[in-house]
Each structure stands twice: as C-alpha cells, then as structure tokens.
Amino acid sequence: MTQNISETCLGKVYLVGAGPGDPGLMTLKGKTLLEHADVVVYDALVSPPILDMIGDKAVKIDAGKRRGRHSKLQAETTQILIEKARQYPVVVRLKGGDPFVFGRGGEEMEDLVNAGVPVEVVPGITSGIAAPAYAGIPVTHRGYSSSVTFVTGHEAVGKYRPDINWTAIAQGSETIVIYMGVHNLNNIVTALQEGGLTSETPIALIRWGTRPEQEQLIGMLETIIEQVETANFEAPAIAIIGQVVELNSKLVGYGGVGE
Ligand SMILES: C[S@@+](CC[C@H](N)C(=O)[O-])C[C@H]1O[C@@H](n2cnc3c(N)ncnc32)[C@H](O)[C@@H]1O
C-alpha cells in the first residue's frame, strides 16, 4: 500500500479484538468503541452477541474470509478501511480473539501506517487461552507445564513464512496450542510423534470455545484422528496438546460458557 492520505484523512481506524465469542469477554474499551463507531468492518468469527453491541448509526461491513482467498480479500479490506477513514471519524476493524494473534492484524496495521491512516490497536482475549480455560484446561500449571507454544496449523497460503519446525515444538514446549489445525491435524499429529511425543500424549480439541454450542474432544495423539472422523468434528477449533489436558476431567464445567 503506497498511497499516503494523511492530509485528507478525517478519522482513525481502531483495530479491535472481539474476544473468543462470549460477549462477557469483550473488553470495555472495545465495547465503547463499537457503541460509538461510524463504521465497523468485521470478520467471520465475530459472534452475533458482539455484533449486537454495534450502535444503530454504524455502517456494518462483513469482511469475512474464506479459506484460500485470504490475500485478495486482505487487500480489498485494507482499501475499504482507508476509504472509510477518509469519510468517517471512528472506523472499527473488528477481529475475532486478539487482532495480533494469527489474525493478520499486524499486516493490516502496517498497511494503514504506510498509507498515513491514524490507527490504534485494542487487544482482545485470544481463543488459544479462553477456549482451553472454558474447557477446564489451564495452558500452564505448576504441576504439569511451565511452557506454552502458540502455533498455527494452517498450511501457508503464498508461503509467507517458513515451514513450522514441529520437532522443535515437540521437544521444546510442554503445552502446545494450535490454531486452525483441524484440517491439517493428521499431518501435525504425525509430525509431533516423529518429533518425540509419545502416542499417549493427551490432546483436546475445543470447538466454539466460549459459546453455548461448545464441543470438546479429549483423547491421545494415537486416537484423535479416528475420534475426529467418528464425531465429524469440524473447525473452528483450538487444539491443546500436553499433560495439562488431563486437568479437563477435574476442572471441566467451571468455565462460564456464554449466552
Ligand atoms: C484466523 S485464526 C484467528 C485467531 C484469533 N485472532 C484469536 O486470537 O483467537 C482462526 C482460528 O482461531 C481459532 N478460534 C477462533 N475463535 C475460536 C473459538 N471461539 N473457539 C475455538 N477456536 C477458535 C480456531 O483455531 C480458528 O481456526
């Protein structure tokens, strides 16, 4: 993005994290911005109760992404943000979870900065912490795990990053939290076992982590693929791998799954 519009720009873009679905997990700062926004450009994973927080006067634009078409839509979305910031004072870019955690928020912010558009980030609660928590799985615990790695399981579109070193992750982290891993789970499970994890290593898949329709699959690396097929388990889900998953049997039911 090379166009610089700072001299003609009327407004500011707020890059807001919508959290993981439960409206009670939306930040006060984010909610206030939604109530006062002139324009809200939102992603597919933002839950309906969060969209209900948007004030009546706001123009709502769905920028939902489909698998495999990210880059084109990304450029279009950035262009919309630039155009709307020319016309309106408060433009909210609303993204699921936290905008900077596997949400392309950093790239959008770079484009806006390059274009001279004033921009501010409002972090959100990421699904990689909240979905396990609502399923009774703390991502760290003094008796089980002192380290956690957050990693994408989504195969690179356009190779914007080098291949993930699953062996290093298997050997270097006690808890592994995988975003966008359902479609590629077979390869990931194989790679982690080749990297040193035993076939009995516990794994949990949590779908719609903080919504009433939350689904859980708890198993081991050697069983989970069959469980996914049997249950016809689908994305969006967070995968958690490591001994902390054992806490699910004791702590499940204490996460306040939202309205
Ligand atoms: C493009 S990433 C966006 C992550 C988001 N920025 C965050 O911080 O949670 C989308 C992936 O996040 C995970 N995810 C997002 N919302 C979720 C939810 N409510 N329950 C479970 N997983 C979720 C899934 O792995 C999904 O495929």
Side-chain angles (χ1 to χ4, degrees), residues 14-27 30 41-51 62-71 73-74 77 92-109 121-137 139 148-158 160-161 164 175-189 203-218 224 228 231 233-241 245 248 252 255-259:
Y14 294 86
L15 200 53
V16 175
D22 180 349
L25 297 180
M26 180 69 176
T27 64
V41 181
Y42 60 93
D43 274 352
L45 283 180
V46 176
S47 68
I50 302 283
L51 295 177
D62 182 352
K65 291 173 183 157
R66 277 175 281 158
R67 287 184 88 230
R69 286 198 60 220
H70 280 218
S71 46
L73 287 175
Q74 192 65 56
T77 303
V92 171
R93 174 69 176 112
L94 188 62
K95 298 175 90 69
D98 179 86
F100 284 176
V101 179
F102 304 122
R104 298 198 164 207
E107 290 148 77
E108 285 184 19
M109 200 171 196
V121 65
V122 179
I125 295 181
T126 186
S127 56
I129 292 174
Y134 271 32
I137 303 172
V139 292
V148 54
T149 295
F150 298 96
V151 59
T152 173
H154 182 57
E155 286 177 83
V157 176
Y160 59 89
R161 57 165 171 73
I164 292 165
T175 304
I176 304 166
V177 176
I178 304 171
Y179 294 69
M180 295 171 281
V182 173
H183 296 284
N184 202 18
L185 195 63
N186 210 342
N187 291 330
I188 294 169
V189 164
I203 177 170
L205 298 183
I206 315 296
R207 179 170 197 263
W208 290 132
T210 65
R211 296 195 189 185
E213 60 266 42
Q214 186 208 72
E215 291 173 39
Q216 305 177 13
L217 267 191
I218 311 291
I224 197 69
V228 166
F233 193 90
E234 291 182 351
I238 286 288
I240 309 104
I241 297 170
V245 171
N248 164 269
V252 71
V257 171
E259 299 162 25

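Both ligands and their constituent atoms are indexed starting at 1 by order of listing. Any value given below was found using the heavy atoms of this structure, including those in side chains, with hydrogens, waters and symmetry copies removed.
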If we only count N/O pairs under 3.5 Å, is Ser127 in contact with ligand 1? yes
Do any nitrogen or oxygen atoms of Phe102 lie less than 3.5 angstrom from nitrogen or oxygen atoms of ligand 1? no
Should the proximity of Val182 to ligand 1, defined as any heavy atom under 4.0 Å, be assigned to the side chain, the backbone, both, or neither? neither
I need the contact type for Leu45 against ligand 1. Using non-hydrogen atoms and a strict under-4.0 Å cut-off, is it side chain, backbone, both or neither? side chain
Looking at ligand 1, does any of its N/O atoms fall within less than 3.5 Å of an N/O of Val101? yes
Would Leu185 and Val182 count as a side-chain contact (heavy atoms from CB on, under 4.5 Å) here? Give the steps. CA-CA 5 Å; Leu185 195 63; Val182 173; 5.7 Å; no
Could you give me the CA-CA distance, side-chain angles and deciding distance for Ile50 and Tyr42, then say whether side-chain contact (heavy atoms from CB on, under 4.5 Å) is met? CA-CA 10 Å; Ile50 302 283; Tyr42 60 93; over 6 Å; no
If the condition is side chain to side chain donor-acceptor pair (under 3.5 Å), which residues does Ser127 pass it with, not counting sequence neighbours? none
Does any N or O atom in Gly97 lie less than 3.5 angstrom from one in ligand 1, N or O only? no
Do Gln74 and Glu108 pair up side chain to side chain, a donor and an acceptor below 3.5 Å, judged on atom types alone? yes
Where ligand 1 meets Thr126 - atom numbers and elements under 4.0 angstrom, heavy-atom basis: 7 (C), 8 (O), 9 (O)
With side chain to side chain contact (heavy atoms under 4.5 Å, CB included) as the test, pick out the partner of Ile178 among Leu205, Thr152, Ile240, Ile188. Ile188
May I ask whether Ala235 has any heavy atom positioned less than 4.0 angstrom from an atom of ligand 1? no
Testing the basics here: between Tyr134 and Gln214, what is the closest heavy-atom pair and its distance to 0.1 Å? O-NE2, 3.5 Å
Shortest non-hydrogen pair, Arg211 vs Pro48, comes out as NH1-CD, 4.1 Å
Take every heavy atom of Gly21, measure it against each atom of ligand 1, and state whether any distance is under 4.0 Å. no
Within a distance under 4.0 Å of any heavy atom of Ile206, pick out the atoms of ligand 1 and give their elements. 21 (C)
Is there a nitrogen or oxygen of Met180 sitting under 3.5 Å from a nitrogen or oxygen of ligand 1? yes
Where ligand 1 meets Gly209 - atom numbers and elements under 4.0 angstrom, heavy-atom basis: 18 (C), 19 (N), 20 (N), 21 (C)
Would Gly128 count as a polar contact of ligand 1, with the cut-off being nitrogen or oxygen pairs under 3.5 Å? no
I'd like to check Thr77 versus Arg93 (side-chain heavy atoms, cut-off strictly below 4.5 Å). Are they in contact? yes
Determine whether Phe233 and Arg207 make a side-chain contact, defined as any pair of heavy atoms from C-beta on separated by less than 4.5 Å. yes
Based purely on interatomic distance, does Ala131 place a nitrogen or oxygen under 3.5 Å from a nitrogen or oxygen of ligand 1? no
When you compare ligand 1 with Thr210, is there at least one nitrogen or oxygen pair between them that comes in under 3.5 angstrom? no
Sequence-distant partners of Ser47, side chain to side chain donor-acceptor pair (under 3.5 Å), two or more places apart: none
Quick one: does Arg207 get an N or O within less than 3.5 Å of an N or O on ligand 1? no
